[in-house]
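Below is one structure, written out as structure tokens, with a few remarks after it.
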Amino acid sequence: QVQVVESGGGLVQAGGSLRLSCKAVGMITSVFNPNTVAWYRQAPGKERELVASVTGRTTTNYADSVKGRFTISRDNAKKTAYLQMNSLKPEDTAVYYCATTRTSYSTQVPLNGYEYWGQGTQVTVSS
């Protein structure tokens, strides 16, 4: 059974940084390594939106709103993905979710294409 476990959320002032981690527990390496991992976020009253994704070949894709401030990466040996968030803004406040799939190598995986989701971690940016 695969579980996606996130950590690293919290409260930070505008301009600060946070690093989120996401571990695919119970997923075998040969499945994790080639497939895409993504971070989504959902603010109150809004739809869940893609923040960033990274393929097994480390091709990345970012939402325009976070380009130049956020960096997604992965460590296949640890079956873990990261989201480094710098220059945080109050509008980045949301619950952040990590998602992974066992069936796609693309940066363009739709939301419903991810089979495994974490429980979410709250990021709050104060002004």
Worksheet item: Out of curiosity, Lys79 NZ to Ile28 CD1, how far, rounded to the nearest 0.5 Å?
Response: 8.5 Å
Worksheet, complete the sentence: What one should report as the nearest heavy-atom pair of Gly9 and Leu20 is N-CD2, 3.5 Å
Item to complete: Ignoring hydrogens and angles, tell me if any N or O in the side chain of Asn61 forms a donor-acceptor pair with the backbone of Ala52 under 3.5 Å.
Response: no
Worksheet item: Should Val2 and Val25 be regarded as members of a common hydrophobic cluster, given that ILVMFWY residues are connected when their side-chain heavy atoms come within less than 4.5 Å of each other, either directly or indirectly?
Response: no
Item to complete: Describe, in one word, how the ring planes of Trp117 and Tyr97 are oriented to each other, choosing from parallel (under 30°), tilted (30 to 60°) and perpendicular (over 60°).
Response: perpendicular
Discussion item. I want to check something: taking the side chain as every heavy atom from C-beta on, are Thr93 and Gln122 in contact at a cut-off of under 4.5 Å?
Written reply: yes
Practice prompt. Determine yes or no for a side-chain-to-main-chain donor-acceptor pair under 3.5 angstrom, with Thr101 supplying the side chain and Thr36 the backbone.
Written response: no
Fill in: Separation between OG1 of Thr60 and CD1 of Ile72, rounded to the nearest 0.5 Å
8.0 Å
Worksheet, complete the sentence: One should read off an interatomic distance between Tyr62 OH and Trp39 CH2, to the nearest 0.5 angstrom, of 13.0 Å
Worksheet item: Any side-chain heavy atom of Cys22 within less than 4.5 Å of one from Val4?
Response: yes
Fill in: Shortest non-hydrogen separation from Lys78 to Lys23 and the atoms involved
O-NZ, 2.7 Å
Practice prompt. Mind listing the closest non-hydrogen atom pair of Thr29 and Asn76 along with its distance?
Written response: CG2-O, 4.4 Å
Worksheet item: Cys98 and Val37: which non-hydrogen atoms are nearest, and at how many Å?
Response: SG-CG1, 3.8 Å
Worksheet item: Which distance, rounded to the nearest 0.5 Å, do you find between the CZ of Arg74 and the OG1 of Thr55?
Response: 7.0 Å
Response to the item:
Between the CZ atom in Arg41 and the CZ atom in Arg48, the distance rounded to the nearest 0.5 Å is 13.0 Å
Discussion item. For a quick test of reading the model, state the closest non-hydrogen atom pair linking Arg102 to Glu115 and the distance between them.
Written reply: N-OE1, 3.2 Å
Worksheet item: With a 4.5 Å heavy-atom cut-off, do Leu18 and Phe70 have their side chains touching?
Response: no
Discussion item. Do Met85 and Val125 land in one hydrophobic cluster if side-chain heavy atoms of ILVMFWY residues count as linked below 4.5 Å?
Written reply: yes
Worksheet entry | Leu50 reachable from Tyr96 in the ILVMFWY side-chain graph, under 4.5 Å edges | no
Worksheet item: Which heavy-atom pair separates Asp75 from Phe32 by the least distance, and what is that distance?
Response: O-CE2, 4.4 Å
Worksheet item: Passes side chain to side chain contact (heavy atoms under 4.5 Å, CB included), Val95 versus Tyr40? Steps please.
Response: CA-CA 8 Å; Val95 178; Tyr40 282 78; over 6 Å; no
Worksheet item: Is Leu83 linked to Val123 within one hydrophobic cluster, defined over Ile, Leu, Val, Met, Phe, Trp and Tyr using a side-chain heavy-atom separation of less than 4.5 Å?
Response: yes
Worksheet item: Yes or no on side chain to side chain contact (heavy atoms under 4.5 Å, CB included) for Arg19 and Tyr82, after CA distance, side-chain angles and deciding distance?
Response: CA-CA 7 Å; Arg19 188 192 195 205; Tyr82 305 96; 3.6 Å; yes
Worksheet item: Would you find a donor on one side and an acceptor on the other, under 3.5 Å apart, between the side chain of Glu6 and the backbone of Gly120?
Response: yes
Worksheet item: Do the side chains of Val66 and Val54 join up, straight or via other hydrophobic residues, at under 4.5 Å, putting them in one cluster?
Response: yes
Item to complete: Using a strict cut-off of less than 4.0 Å between a Lys/Arg side-chain nitrogen and an Asp/Glu carboxylate oxygen, indicate whether Lys89 and Asp92 qualify as a salt bridge.
Response: no
Discussion item. As an exercise, state the distance from CG of Asn33 to CG of Asn35, rounded to the nearest 0.5 Å.
Written reply: 9.0 Å
Worksheet item: Any sub-3.5 Å donor-acceptor pair from Arg69's side-chain atoms to Ser87's backbone N or O?
Response: yes
